[in-house]
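Inspection log for the structure reproduced underneath, given as structure tokens.
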Amino acid sequence: MDSSAINSPAMDSAAMDSKAAIDALAALAQETRLKVFRLLVQTGPEGLAAGEIARTLEVPPATLSFHLNHLESAGLISSTRQQRRIIYAADYSGMRALLRFLTQDCCQGRPELCGDLLAACEPGADGGRP
């Protein structure tokens, strides 16, 4: 199977700044994009073809394309070409980077108040997802 990355803006937590966090949060602050992101997180690293996302969420393909581009430029999803199809998947490193940014100075020095959230943000804490 011919597989090549199209665009996956790696979002390293060390590089996460306020602008990147605002872009990611703005991308999620729209109902269709939030539904797409949640569907891709639920699906796992294998991702879904754009057509399947459109059918599942009942979104017209042109509208979906706009939303997928927005999520991808925010570093929350990535795309891979597999022959003639484009497969979209959640970018777990981008999601973790956003969560780390939001919680980096959590709870006035009492991280235990955040429970397992901070541990879940560590690489490898999600059962092997990238």
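Here the side chain of S65 pairs no donor or acceptor atom with the backbone of P61 at under 3.5 angstrom. A donor-acceptor pair under 3.5 Å is absent between the side-chain atoms of Y88 and the main chain of F37, judged by distance alone.
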Could you go through the side chain to side chain contact (heavy atoms under 4.5 Å, CB included) check for T32 and L57 one step at a time?
CA-CA 8 Å; T32 300; L57 299 179; 5.6 Å; no
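Note that the CE atom of M16 and the CG atom of L99 stand 9.0 Å from one another [nearest 0.5 Å]. Between atom CG of residue L68 and atom OG of residue S78 there is a gap of 11.0 Å, rounded to the nearest 0.5 Å. How far CZ of R100 is from CE of M95: 10.5 Å, rounded to the nearest 0.5 Å. Expressed to the nearest 0.5 Å, how far OG of S18 lies from CG of D23 amounts to 10.5 Å. With rounding to the nearest 0.5 Å, the separation of CD1 in I53 from CD in E58 is 14.5 Å. Between the CG atom of L48 and the CZ atom of R85 there is a distance of 9.0 Å, given to the nearest 0.5 Å.
Hydrophobic clustering, with ILVMFWY side chains joined whenever heavy atoms are under 4.5 angstrom apart, keeps I87 apart from L64. No chain of hydrophobic side-chain contacts below 4.5 Å, direct or via other Ile, Leu, Val, Met, Phe, Trp or Tyr residues, connects L102 to I22. In this structure, V36 is a member of the same hydrophobic cluster as L34, with clusters built from ILVMFWY side-chain heavy atoms closer than 4.5 Å.
Across every non-hydrogen atom of S79 and E72, the tightest pair is OG-OE2, 2.7 Å. Of all the heavy atoms in A24 and A74, the pair that sits closest is CA-CB, 3.9 Å. Heavy-atom minimum distance, Y92 versus G44: OH-CA, 3.2 Å.
You'll find the side chain of H67 reaches within 4.5 Å of the side chain of Q30, heavy atoms only. Looking only at side-chain heavy atoms (C-beta outward), D91 and L71 stay at 4.5 Å or farther from each other.
Other residues, nucleotides and ligands place no more than 12 heavy atoms under 6.0 Å from the CD atom of E31.
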